[in-house]
> 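Attaching a single structure in structure tokens format; questions to follow.
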Amino acid sequence: MSNKQNAGTICVQGGWKPGNGEARVLPIYQSTTFKYSSSEQMARLFDLEENGYFYTRLANPTNDAVASKIAELEGGVAAILTSSGQAANFYAVFNLCESGDHFVCSSAIYGGTFNLFAVTMKKMGIECTFVSPDASEEELSAAFRPNTKLLFGETISNPSNDILDIEKFARVAHSHGVPLVVDNTFPTPINCRPFEWGADIVTHSTTKYMDGHATSVGGAIVDSGNFDWEAHAEKFPGLTTPDESYHGLTYTKAFGKGAFITKATAQLMRDLGSIPSPHNSFLLNIGLETLHLRVARHCENALKVAQWLEKNPKVGWVNYAGLESSKYHELAKKQMPNGTCGVISFGLKGSREEAIEFMDRLKFISIVTHVADARTCVLHPASHTHRQLTDEQLREAGVAPDLVRLSVGIEDVDDIINDLQQALGE
Ligand SMILES: *Cc1c(COP(=O)(O)O)cnc(C)c1O
């Protein structure tokens, strides 16, 4: 009998494993520091020679328990929580790249990540080349340079809903001796486990479905433990040569499969400090306890809404990989047999103004800069998150000017459709 549990059990039981007489529910260790009786013991912790807690910026028991639940859900060996999804993606890349390095990224990614990679990291001397998620292996390969350190993509892109062919991207990354990093925010490990398709590192904005109730901004990075850093040691000196800021310790030698996450903790968290508060991790954990139930309901509702929208004469187009009309339907069925996510993008016939008036007429479906929580909500990227862009720039970013992003919640689906119907003026 395998002692690996299924996702639904890990959601409820993973992470916190109380001993005899300990709290059944994950406690909130709302403490910056931890007490020791010998100076020698504390010194060993500082040298990473012993496991233990001493300062919450480096490690905290509440944060660690939730990170280990997420690692288990993804089938990885180790994970770290961050204060936001932005911090998770930044750390995942910055843990492998330094000034003078380069990486390749699918162009179908979240706008905040695009800005981080294209503008902010460029100022740090790290360059990114964007490629279409639909590019052939030859086209993807052509974007690689001798100083390329990773390939990056989103399993399901926010907001354009494109599906990443993880096996194809992994093949190309591995043929160039670099890892594939995948942002798995939208499907969550309930619907897709990118490691099973060859990805090496997974990131999350836990702000979305994982928290699920729109209470806490947060992020996570998970390592599969599969990428052989030593086999490409010349590309990853940060992992495979001594770290002078840790007394000459070499991460791959000292920590094996834990090297990537230990380096992210010991260097990046130590120096940049984007930790979640233990209280937010506690809330995230409560969200995770029902993730498997909510994701299934989000998908069931979203498919019904997408099918209804597609039949509506006022709707020009619907992009949802669960629909047979989607060019990603077959790929989605392969990588995500139980469904994709609750987010649909669509456009109304007529002008950009039509979309705005439709949204203003919605009753309980609210206009918010958020996706992927229990409440159904909408956003018009061209008027909101991407409002500084011209129509031309919007198209380049893969966001149609008329695109409405509808995040279908877990309310009763008939009520969601009724609200959409009255807002369409029917
Ligand atoms: C929201 C989001 C992010 C950024 O996460 P924050 O938690 O808002 O910092 C990154 N990637 C994807 C796919 C997202 O949807």
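Because the structure is a prediction, the values reported are computed rather than measured. Numbering of ligands and ligand atoms starts at 1, following listing order. When reading the values below, keep in mind they use all heavy atoms of this one structure, side chains included, and skip hydrogens, waters and symmetry mates.
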> The criterion is salt bridge (Lys or Arg N to Asp or Glu O under 4.0 Å); which residues satisfy it with Glu167, sequence neighbours excluded?
Lys334

> Aromatic ring centroids of Phe195 and Trp197 under 6.0 Å?
no

> Should His102 and Cys128 count as side-chain neighbours, where that means a heavy-atom distance under 4.5 Å?
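The answer is no; the side chains never approach within 4.5 Å.
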
> Would you tabulate the side-chain donor-acceptor contacts of residues 209-221 under 3.5 Å, counting partners in other chains and residues two or more places apart, or write 'none'?
unit_1: Tyr209; atom_1: OH; unit_2: Gly342; atom_2: N; d: 2.8
unit_1: Asp211; atom_1: OD1; unit_2: Thr215; atom_2: OG1; d: 2.8
unit_1: Asp211; atom_1: OD2; unit_2: His213; atom_2: N; d: 3.2
unit_1: Asp211; atom_1: OD2; unit_2: Ala214; atom_2: N; d: 2.9
unit_1: Asp211; atom_1: OD2; unit_2: Thr215; atom_2: N; d: 2.9
unit_1: His213; atom_1: ND1; unit_2: Asp211; atom_2: O; d: 2.8

> By side chain to side chain donor-acceptor pair (under 3.5 Å), which residues pair with Ser274, not counting sequence neighbours?
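Ser274 satisfies side chain to side chain donor-acceptor pair (under 3.5 Å) with Tyr91 only.
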
> Considering only heavy atoms, which protein residues lie less than 4.0 Å from any atom of ligand 1?
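Within the 4.0 Å shell of ligand 1, which is judged on heavy atoms, sit Ser84, Gly85, Gln86, Asn89, Tyr110, Thr113, Glu154, Asn158, Asp183, Thr185, Phe186, Ser205, Thr207, Lys208, Val217, Gly218.
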
> So, for Phe54 and Phe46, is the gap between ring centers shorter than 6.0 Å?
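Yes, the ring centres sit under 6.0 Å apart.
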
